[in-house]
Protein chains: 2
Amino acid sequence: MVRRSTVRAATAARKSQILDAALSCFTDVGIEATTIDDIRRCADCSTGSIYHHFGSKEGIASELFIEGVQRLNADLMTKLTRCRTAERAVKTVVTQYSDWVTRNRDLAGYLLNSRDLAMSAEAVEMLHDVNRAHIRRVFEFFAPFVGNGAMQILPVETYIPIISGPIQDYARHWLAGQFTDSPAKVKAVFAEAAWSAMKGADGPRDAKEPG
Amino acid sequence: MVRRSTVRAATAARKSQILDAALSCFTDVGIEATTIDDIRRCADCSTGSIYHHFGSKEGIASELFIEGVQRLNADLMTKLTRCRTAERAVKTVVTQYSDWVTRNRDLAGYLLNSRDLAMSAEAVEMLHDVNRAHIRRVFEFFAPFVGNGAMQILPVETYIPIISGPIQDYARHWLAGQFTDSPAKVKAVFAEAAWSAMKGADGPRDAKEPG
DNA sequence: GTTTTACTAGAACGTTGTTCTAGATTAGGA
DNA sequence: TCCTAATCTAGAACAACGTTCTAGTAAAAC
């Protein structure tokens, strides 16, 4: 049985070289407008090399997308598991995202604006698996805070939009050049807003109102 | 010199026929994957006709996008100007969006997932003008509520993300088939969350609302 | 050293967006 | 009704781009 003990050293470098070139091109002119030849020139490699590693232009786009999501998710989990209170955890979801987007402009812009990417069935499933696993971890982390009344009980599918929706929308506008202040600069506002919308009704306020 | 007093009757019909066909194709397989020939077949017209009316595939996509934004904006303003209190106005922004997306699935999905559309310089400017005018109207409407303390004073660029971000994110997931309940079904939750994050810290100062 | 596998190169192919030219259709004026 | 100009449609032809293919090179396994 042949064992591929070590991937050839140059391979990983070549792949990330192509991915970096692709991200750069996608950022400059958009996915559709970048040609394979653009990427080839920017990565200083041949067409054959690109197709050997990724199979298609869509393969590059998919791998870039999934790898980006995984990096973002991993960074969140690292910071989240250090939190001891519901308030700190909710606010960390917002501030971590703000900082990450500010530090990784190009990749963040790619992730935010490539939602309708036509991906292969395998890539879609891969992405779903990654997302499901991440969401499960996050929900397991937050479950106790909902259980003990520190956070509101809401329909499950509304938690993520309520907490992350605003800062994501802000980030999208900032990345499009429409806002001047970086997400990192205004993160406190969004962290506060998220916590306002999410904290348990501990005060004398009414809990609910007829819609 | 002949003046085109009335646009030829068939023209408007032909254009909207092509736009409808394009939206249908874009929804089914994505913008990049739909060919001019797909649209031609679906709209039952010729290639020449398409290029006469829109100039390019991107021209179709741009016009569809801008027209959709205008319809959405117009619907919001109609409903918004009926509101008399800050709470009702903020909640209306959320519920109107929920209802509109639920009623216009395809178009809403197109608007939400085509942000990175490569548009011509003119189309970009056109869209900016439309957006700026709309945002100015909305802010003029809300200004009094901020002035009298019914709503929080925040950095201007944060209002829209805080109010609309969550329901937009929810809508995106629903349109992608990831959530089962339509935005219209869960709009009350998001309206409540938006108002929680937005209302003045000292309690509402609207006449009708008791502390 | 020989074999096997991983990788690269670049020409060739087929599809697709776009252009072009000729012709059909309609509106307005005698 | 006929004429003229403008608008619109048709579909073949062109050029660009994603992809495939064949041959060849470099590195690991034995």
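All chains are named by letter (A, B, ...) in the order of the sequence lines, taking the proteins before the strands, and each is independently numbered beginning at 1.
- Listed nucleotides: D:dG11, D:dT20, D:dA10. Nearest to the side chain of B:T47: D:dG11.
- A pairwise comparison of heavy atoms in A:I153 and A:Y159 identifies CA-OH, 3.3 Å as the closest pair.
- For the pair A:K57 NZ and C:dT15 C1', the interatomic distance rounds to 14 Å; values are reported in whole Å.
- Atom CZ in B:R41 sits about 12 Å away from atom C1' in C:dT16, given to the nearest Å.
- Counting only N and O atoms by type, the side chains of A:E192 and A:S196 include no donor and acceptor under 3.5 Å apart.
- The phosphate of C:dT8 (OP1 or OP2) has a side-chain N or O of A:R14 nearer than 4.0 angstrom.
- Closest to the side chain of B:T35, from the set C:dG17, D:dT9, D:dG18, is C:dG17.
- Checking the phosphate oxygens (OP1, OP2) of D:dT9, a side-chain nitrogen or oxygen of B:H53 falls inside 4.0 Å.
- For B:E122, the CD atom counts as loosely surrounded, since its 6.0 Å shell holds 12 or fewer non-hydrogen atoms of other residues, nucleotides or ligands.
- Protein atom CD1 of B:I50 is 18 Å distant from nucleotide atom P of C:dC20, rounded to whole Å.
- Regarding B:I18, its CD1 atom lies at a distance of 13 Å from the C1' atom of D:dA10, rounded to whole Å.
- The phosphate of D:dT9 (OP1 or OP2) has a side-chain N or O of B:S49 nearer than 4.0 angstrom.
- The CD1 atom of B:I36 sits 20 Å away from the P atom of D:dA13 (whole-angstrom rounding).
- Closest approach to the B:S56 side chain among D:dT19, C:dT18, D:dA10 is made by C:dT18 (side chain taken as heavy atoms from C-beta onward).
- A salt bridge is defined here as a Lys NZ or Arg NE, NH1 or NH2 lying under 4.0 Å from an Asp or Glu carboxylate O, and A:R41 with A:D38 meets this definition.
- OP1 or OP2 of C:dT8 has not a single side-chain nitrogen or oxygen of A:H52 nearer than 4.0 Å.
- In this structure, the side chains of A:Y97 and A:L72 come closer than 4.5 Å at one or more pairs of heavy atoms.
- Between the CD atom of A:E58 and the P atom of D:dT19 there is a distance of 8 Å, given to the nearest Å.
- Distance CG (B:D44) to P (D:dC8): 18 Å, rounded to an integer number of Å.
- Between A:Y51 atom OH and D:dT22 atom P there is a gap of 17 Å when expressed in whole angstrom units.
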